[in-house]
Amino acid sequence: MQSDFLRRMPGIGPATAGQERGLLERMHVDPILLLVLYMMSAIGIIVLYSAGAESQYLISRQVAYLGVGTVAMLVVAQIPPLVMQRLAWLAYAGGIVMLGIVLIAGTGAKGAQRWVDLGIIQFQPSEVIKFALPMFIASYLSQRAMPIKFKHLCWALIIIVIPVALILFQPDLGTAILVAGSGLVVLFLAGLRWRYIISALALAPVAVIGAWVFLLHDYQKQRVLTMFNPEEDKLGAGWNIIQSTTAIGSGGWYGKGWMLGTQSHLDFLPESHTDFIIAVLAEEFGFRGVMVLLVGYLLLFIRGLWISYTAKNSFSRLVAGALTFTIFIYVFVNMGMVSGILPVVGVPLPLFSYGGTALVSILIAFGVLMAISTEQETLHAK
Amino acid sequence: MGLSLLLASLLAVLLLRYYDLQIKDHQRYATLSDENRVHVRAVAPTRGLIFDRNGVILAENRPSYTLSIVTERTSDLEQLLAELKALLGLTDAEMARFEEQKSQYRRPYESIPLRFQLTEENVALLAVNEFRLPGIEVEVELVRHYPFNEAFAHSVGYVGRINDREQAVIEKERYEGTHVIGKIGIEKQYEDLLHGSVGYEYVETDARGNVLRVLEREDATPGEDLYLSIDSRLQLRAEELLEGRRASVVAIDVETGEVLALVSTPSYDANMFVTGISFKDYDSLLHNINRPLYDRALLGQYPPGSTVKPLYALAGLATGAVTKEWSIQDYGEFQLPNQERVYRDWKRGGHGRVDLRIAVEQSCDVYFYELGNMVGIDVLSEFGHMFGLGHKTGIDMPSEMSGIMPSREWKRAARGLSWYPGDTINASIGQGFSLVTPLQLAQMTANIARRGVSLKPHMIHAVNEREIEVAQNPLVDIAPDHWNTVHSAMEDVVHSMRGTASAQGRGLSFRMAGKTGTAQVVGIPQDAEYDPELLEEFMLDHALFVSFAPVEDPKIAIAVVIENGEHGSSVAAPVARELTVQWLEENPWIVSQADSDESQPIEEEVDAI
């Protein structure tokens with residue numbers, strides 16, 4: 001299905017070797033990505049200032065994360081993709097170890113352990129693994145023959161299942177599904193045989209029913225049920241969805257104005273500065289604001305996919321595509337859950353939600369994309 | 001490409017979803033959002049105050065503080081309760097009530113009351129310690145207070161919590177935010193005026209129900225302040241004079257029909273009912289042998305006895321059945337023609353030669369037997385009704401009894417029997433079937449004092465500053481001579497040597513007209529438990545006295561009924577005298593005017609009729 005994705009497309013090739021390279025390119029900076037990233041981060045901080053009840057603390061922390069993330073992004077952008085290919089297992093292994101630590105000695109909220117306390121900073125390993133996993137799978141598959149053989153598919157699935165299982169034990173169903181998704185995307189991009197896809201689709205209902213019966217906690221089942229009928233439980237699980245859709249809907253075309261969102265400022269909106277921040281933007285800046293946001297993301301996705309199309313080797317193509325889709329999945333799931341078309345699963349909105357680990361990791365992911373976009377033609381990565 | 005298409009279509013799904021919410025269904029969500037944050041809150045009006053005619057406050061509103069807890073805002077409820085217990089000395093009963101209310105259903109962030117009517121010391125303690133007592137709330141509410149406690153309980157009445165029956169009748173909107181309603185007395189009668197009208201506040205609240213700001217406000221209109229016609233000094237004096245008695249006094253301003261005193265003793269503390277009386281307290285009031293809850297002035301029905309004699313004398317004169325000069329020889333007995341039964345005079349052996357003046361002055365029964373027999377029950381009944389007996393006076397109070405002014409029709413309807421001539425004889429001295437309330441007696445006396453002009457007795461002197469006027473209603477056209485005759489006979493009751501209340505006339509600076517009365521006890525209330533030793537006392541005759549003064553230019557009419565007081569002359573009459581003296585002294589303009597008019601008072605009044 002996706003096998004043509006990896007094939008070099010005639011006429012869209014990268015700049016040929018020896019051509020004059022600009023300063024930014026020599027610094028491995030992708031100007032389009034950088035511009036859009038900063039524009040969106042700026043909007044994010046403006047919304048966060050309102051959502052976080054004008055908290056200087058929140059804003060200064062988020063700006064600091066942005067700074068740290070930018071440095072990390074630029075550093076990562078200098079690493080040649082070939083080195084990444086070799087070292088991807090390290091990021092993956094590190095992520096797995098940290099997930100293990102979370103289960104043993106993590107701190108958390110609402111009965112789930114999601115954080116590692118490193119003394120000075122707290123840290124959410126699941127945010128790391130969501131980018132480390134696709135990179136490692138891409139690294140693994142790019143060194144195997146295409147299309148994927150059954151044996152390699154099995155190994156890839158094992159690589160996916162380990163972190164997913166660890167996250168499920170936290171327990172954090174939403175993140176587990178998304179991490180699994182970010183791994184599976186690589187398989188699709190690498191070109192799965194149709195029969196695998198069809199059998200996976202056939203097994204999906206079985207897996208869903210099995211998960212419902214054996215794996216899901218009551219509160220998780222409740223969240224799913226609530227999505228289908230939020231009115232049932234107005235003050236309990238349905239509250240979040242009712243309040244967030246009310247916030248979004250009441251924003252209308254123009255929005256209520258910055259700092260004037262009643263739903264968020266009067267505390268009707270839950271988690272307004274983290275997972276539900278899109279509702280604040282929708283309430284205060286209206287449909288216009290939502291469209292600007294979507295256009296911003298669309299630019300990032302197009303640029304990401306473009307980088308993937310024009311990548312110099314299969315690892316780079318896979319990684320760029322996988323990271324782009326992973327970010328997209330997060331955007332879609334977050335905006336979907338806040339607007340009531342997906343269950344509430346506790347997923348941050350990339351570049352907007354308050355939170356250090358998520359922001360730094362996504363900037364690192366963009367660092368990887370930049371490294372790929374400015375990669376020189378290499379010969380040995382066919 | 002496939003995944004790119006998927007990405008594009010999913011983004012389109014998001015865009016559509018947000019379009020639906022924000023553009024298509026915007027109106028609906030905008031409304032939801034406003035309903036979320038904007039709440040309409042009723043602002044209860046402040047209840048109107050009640051003053052006496054001189055501006056002495058009889059019913060006021062005092063701030064009352066309630067301590068309550070919002071459990072959602074507490075970090076450690078057990079510890080908070082322990083600290084409050086140490087601070088305020090909470091009782092087990094208060095704790096138990098709190099726990100019970102806590103276990104019941106309530107809205108999130110709804111406060112649970114812990115202690116009502118905090119003392120000022122409590123309020124201060126809580127204010128100082130508030131910072132370390134998260135979750136407490138001290139709410140202030142205006143609570144009705146009656147500074148005279150017992151003195152005006154029957155007239156002013158009281159307010160109490162709105163009960164289910166009242167809840168069904170009242171206009172819900174008017175009473176939003178109000179917890180009390182007038183239960184009896186003026187508080188009930190003038191509920192509409194006193195209550196005022198409710199105001200509204202559109203408030204913005206956060207998700208926890210905290211009011212953040214008032215968006216719009218429509219102020220409540222406070223209830224009207226009522227100035228009663230009651231004179232608190234006169235009323236308090238009457239209470240003092242009746243101390244320890246089961247009795248009532250009604251005093252009426254002859255010129256205006258205003259009720260100056262409306263007293264029923266014993267009484268009770270009206271404040272007990274405002275926030276809810278305990279079952280024990282209520283039970284003891286209910287079963288008290290002296291029946292403090294019973295408003296004798298308006299609900300008590302007594303045989304009028306001899307107090308009706310001046311009225312019947314007037315009836316005799318007006319119908320021409322007797323003249324001023326007509327007299328009888330009284331041997332102390334009276335018999336109807338062809339009947340065996342002997343009707344006796346209260347004075348053994350009789351009063352000798354008795355004309356109308358002497359008959360009133362000395363309360364001669366036989367004279368009135370003769371008179372009653374001559375005019376007949378129809379005339380007696382008509383005059384009784386005309387002057388205010390046997391039917392409700394229409395006073396502006398929520399309840400009064402109508403009494404009985406017997407007539408042929410009444411007896412047939414009520415007893416199924418025809419009227420016997422002997423019934424007329426009993427009625428002619430105010431006994432038999434006749435029953436009147438003290439208010440009716442006072443009204444009758446005032447009507448006589450006004451020479452046949454009736455004014456409806458009323459309790460309100462002014463609403464806010466607007467004075468109330470009552471229409472005059474001429475009852476009957478009777479020759480001035482007859483009025484003079486009756487007035488002077490009543491004056492002799494007090495001032496003549498042989499008058500039944502002659503002791504009262506001594507030392508008065510003005511002339512007072514009166515009539516004593518004695519009413520036989522008809523029955524004993526069934527529901528009270530009796531101490532056998534008290535039984536004898538409860539069988540004693542009721543003592544009655546009616547009066548007006550000054551005779552030449554009447555200002556005040558008074559009726560006194562003292563249950564089991566035995567003697568109208570020595571027990572009831574002094575009360576009327578004292579009150580009359582006090583009223584005329586308190587209002588010197590009345591006395592001076594009376595003094596200057598002394599030489600020629602009657603003619604002027606005659607012209608007025």
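All figures in this text were calculated on a predicted structure; none of them were measured in a lab. In what follows, every chain begins at residue 1, and chains take the letters A, B, ... in the order their sequences are listed.
For the atom pair CD (A:E283) and OG (B:S33), the distance works out to 6.0 Å, reported to the nearest 0.5 Å. Distance check, rounded to the nearest 0.5 Å: CG of B:L14 to CG of A:L293 gives 10.0 Å.
If you tally non-hydrogen atom pairs under 4.5 Å between each of A:G286, A:G336, A:A247 and chain B, the highest count goes to A:G286. Between chain A and the residues B:L15, B:L32, B:V13, the largest count of heavy-atom pairs under 4.5 Å involves B:L15. When A:I329, A:T324, A:L294, A:T245 are compared by the number of non-hydrogen pairs under 4.5 Å with chain B, A:T245 comes out ahead.
Residues A:F325 and B:L6 have side chains not in contact (no heavy-atom distance under 4.5 Å, counting atoms from C-beta outward). With a 4.5 Å cut-off on side-chain heavy atoms, A:F328 and B:L11 count as touching.
A donor-acceptor pair under 3.5 Å is absent between the side-chain atoms of B:Q22 and the main chain of A:S250, judged by distance alone.
Within 6.0 Å of the OH atom in B:Y200, the count of heavy atoms belonging to other residues, nucleotides or ligands exceeds 12. More than 12 heavy atoms of other residues, nucleotides or ligands sit less than 6.0 Å from atom CD of B:E139. Counting heavy-atom neighbours within 6.0 Å of B:R165 CZ, excluding the residue itself, gives a total of 12 or less. Within a 6.0 Å sphere centred on CE of A:M259, other residues, nucleotides and ligands contribute more than 12 heavy atoms.
Only the side chain of A:F301 comes within contact range of chain B, judged by heavy atoms closer than 4.5 Å. Both the backbone and the side chain of A:I248 come within less than 4.5 Å of a heavy atom of chain B. For A:I278, the part lying under 4.5 angstrom from a heavy atom of chain B is the side chain only.
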ring-ring contact (aromatic ring centres under 6.0 Å, His included) between B:Y18 and A:F287, worked out:
CA-CA 7 Å; B:Y18 280 77; A:F287 191 57; 7.8 Å; no
